[in-house]
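A short worksheet on the structure shown next.
Every chain is numbered from 1, with letters handed out A, B, ... down the list of sequences.
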Amino acid sequence: MSTPLLHVQDLKVHFPVRGGLLKRTIGAVRAVDGVSLSIAAGETLGLVGESGCGKSTLGKAIVRLSSPQAGRIVFDGHDITHASQAKIRPLRRDLQMIFQDPSESLNSRQSVRSILEEPFIVHGLGTPRERQQWVNELLERVGLPSASADKYPFEFSGGQRQRIGIARAIALKPKLIICDEPVSALDVSVQSQVLNLMLELQQEMGLSYLFIAHDLAVVKHISDRIAVMYLGKIVELASSEELYRNPRHAYTKALLSAIPVARPGHQKQRILLEGDVPSPINPPAGSAFGHRINHPRYAETMGMDLSLKEIAPDHWVAADPCCLSEEDYALCQSLP
Amino acid sequence: MRIESTKEVRVSETLLKVDRLITAFDTDAGLLRAVDEVSFEVRRGQTLGIVGESGCGKSVTAMSIVKLLPQPSGRILDGSIRFKDRDLVHASGAEMRKIRGNEIGVIFQEPMTALNPSHTIGKQLCECFLLHKPMSRKEAWQASVEMLQLVRIPAPEQRMHDYPHQLSGGMRQRIVIALAMACRPDLIIADEPTTALDVTVQAQILELIKEQQQALNSAMILITHDLGVIAETCDEVVVMYGGRVVEKAPVEEIFRAPRHAYTKGLLASMPHLDTPPKTMLPVIPGMVESLQNFVRGCRFCQRLQRQGTSTLERPAFVEISPHHWVEACPLCVDSL
């Protein structure tokens, strides 16, 4: 495989927990705890998991909106793990982000024109006249009338605001866009319009996406490969078809079985998970999911290496005796 | 299996009958009808789903039933709401307070706003019992702990002393369900009860609501935009568009043979797990008009910018096949 556009190696993002009278550090939220992944040019990697599993933190760490404690982020040949903001700024042209709630991520006091013009100004591109032209082109590209340029974000519906967010993200013709739940706040009919727009833009501009979402049907629709995250770690990674047809990890199976199916009377085996995701402050020492489901083999996994193994071509799964079938676990152990 | 249960339900008693309900808001642009002659009924043991995009009037319909419309702008202009043998439209504030939380339980979308942040869970639950039932404080406390057990909150005695912010989203929604179910209501209105939650928690919560509903043999109105949730939980479905019911049918019928173009569009625009990945999704063109621009005639034709007579006169609401009702616009419904 050629060099990927983005390569993340064993990334850790921890947040200190302060407490007591002197506000000393008494622990750490291990939001992202040893994640490795890569995204090729033109590819979409889906990232799913329950809230609190660290998927948004991972996305933010990649665009360096939060700082990693350990590991490496290599984007387009540059190691940006500890790069200063000044060094990152030129790279931000190629690395953009779309947020979940467009009404919060757009400045309500800026007109759409000034929102869309800003990236060009920050990067010192074009004359005012050229920029005006570019803003009009962007609006047209995301399907908004050019008259929108002089309006303010509150004058638009949720779907239109997300289009503005997308227009801002593609303004500088980036290579990779981190999309954090871009359609979760939208109605189904609007959601499909925005998904279509994202697919079109990807084809035209050769974009790569890291698509973070909790709606598995949406993620499957837009992604080439999907990573399933649980409590700061990736537990399974495969092509989207393979993951849905042939999930190996117990958590992936539970997630898939929880999706409501729009087919009345459809009988399925639902794996109901008890409780919520455990807290990433002092996570269980062994298999985190094994701990949640009270697996009899949990004790074995304490201190065990639960890293990903390639169980089938391009299908990676955590070698966890609590979460795999016996054959799969045996297979994992025979792998290097 | 579902079909049998629906038949059984048909003979059971009608609990709520909403007839030609019109709810309007006083605005600068005049009196605008958010709900425009909506009719449906709910029987004991039955779950009625209401679907539609934001702004179609589904929440306003629900809030009209419990008379929790925004004041002073919102009011019921016409129509009747018969609950058991009473007319809720003309019920006084005092009567409604006796009904709400006692005979009709409401589950709101955002549990953080439905719960009072400055009172403990225990106080809020006890209040519900003390208001509606002849109970001592001690009995109310005991009943509240039992409710928490019923919605499977771990360590309920301790949780009674917690404040809402100390609990996770899933836990908070369980508390809201406990509150809504506390007085064993005859009717439960659930307005997007799982929209803010993860799929895994959503599955738990829906299971819980269904279980409680069956235990109490109560009726339920479930408002959601997730057609998967509708398919899994409802017996009958009302599809709303532009403040009106455009289609109403048993759940299998809606999914197997939708008749109105809007229902078909909604069903098609949702990505399924078996739609081919990275393909364009069918979309419903245009967007929902704002209230003041609505035409008298078929509002879906208006959205599609169809010219002609269909937008002039309101189409009749007809029973196109047994128990299957549709707003009979000749352009939106084939083979009328």
Side-chain angles (χ1 to χ4, degrees), chain A residues 44 48-53 157-160 183-196 199-200 202-203 214-224 239-241 244-245 251 254-268 270-277 279, chain B residues 1-3 51-56 152 154 168-171 194 197-204 206-207 225-235 237 250-256 262 265-285 287-288 290:
Chain A
T44 305
V48 294
E50 289 168 279
S51 29
C53 74
S157 68
Q160 289 174 319
V183 295
S184 311
L186 307 175
D187 270 319
V188 260
S189 64
V190 183
Q191 177 175 299
S192 58
Q193 293 172 4
V194 172
L195 287 174
N196 285 354
L199 284 168
E200 281 167 25
Q202 180 168 46
Q203 277 162 12
H214 66 267
D215 184 333
L216 292 107
V218 168
V219 172
K220 181 191 174 220
H221 185 75
I222 198 157
S223 305
D224 297 296
S239 76
S240 54
E241 287 289 337
Y244 281 83
R245 225 183 8 239
Y251 181 60
L255 268 187
L256 287 173
S257 80
I259 308 173
V261 179
R263 211 180 300 137
H266 173 75
Q267 294 294 323
K268 66 174 174 190
R270 173 157 288 165
I271 310 162
L272 270 189
L273 292 178
E274 287 295 319
D276 298 317
V277 186
S279 154
Chain B
M1 199 183 88
R2 254 296 147 71
I3 298 170
V51 269
E53 289 167 274
S54 345
C56 71
R152 289 197 214 95
S168 69
M171 284 295 157
T194 57
L197 305 174
D198 280 316
V199 269
T200 49
V201 184
Q202 165 170 295
Q204 296 167 4
L206 288 177
E207 203 77 11
H225 63 263
D226 188 332
L227 293 156
V229 172
I230 290 279
E232 293 201 346
T233 43
C234 297
D235 303 299
V237 185
V251 70
E252 303 87 2
E253 185 90 358
I254 281 279
F255 283 88
R256 193 177 45 81
Y262 179 65
L266 266 190
L267 286 169
S269 64
M270 198 177 61
H272 292 276
L273 286 179
D274 31 13
T275 43
K278 305 201 98 170
T279 49
M280 294 294 150
L281 291 164
V283 298
I284 306 175
M287 45 188 277
V288 185
S290 57

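- Take B:Glu207 and apply the salt bridge (Lys or Arg N to Asp or Glu O under 4.0 Å) test, not counting sequence neighbours, and it matches no residue.
- Here the side chain of A:Glu241 pairs no donor or acceptor atom with the backbone of B:Pro276 at under 3.5 angstrom.
- Of the possible donor and acceptor atoms, none in the side chain of A:Asn196 sits under 3.5 Å from a partner among the backbone N and O of B:Met280.
- Interface remark: A:Ile259 contributes backbone and side-chain atoms alike to the contact with chain B (heavy atom separation under 4.5 Å).
- Using a 4.5 Å cut-off between heavy atoms, A:Gln202 contacts chain B through its side chain alone, with no backbone atom that close.
- Proximity to chain B is limited to the side chain of A:Gln191, based on heavy atoms less than 4.5 angstrom apart.
- From B:Ile284, atom CD1 reaches atom CG of A:Asp187 across 9.5 Å, with rounding to the nearest 0.5 Å.
- Contact of A:Ile271 with chain B is not made at all, since no heavy-atom distance falls under 4.5 Å.
- Judged by distance alone, with hydrogens and angles left aside, the side-chain atoms of B:Glu53 form no donor-acceptor pair with the main-chain N or O of A:Val188 at under 3.5 Å.
- Residue A:Ser157 touches chain B through its side chain alone, counting heavy-atom pairs closer than 4.5 Å.
- Contacts of B:Pro282 with chain A are made by backbone atoms alone, with heavy-atom separations under 4.5 Å and no side-chain atom involved.
- Interface residue B:Thr279: backbone and side-chain heavy atoms are both found under 4.5 Å from chain A.
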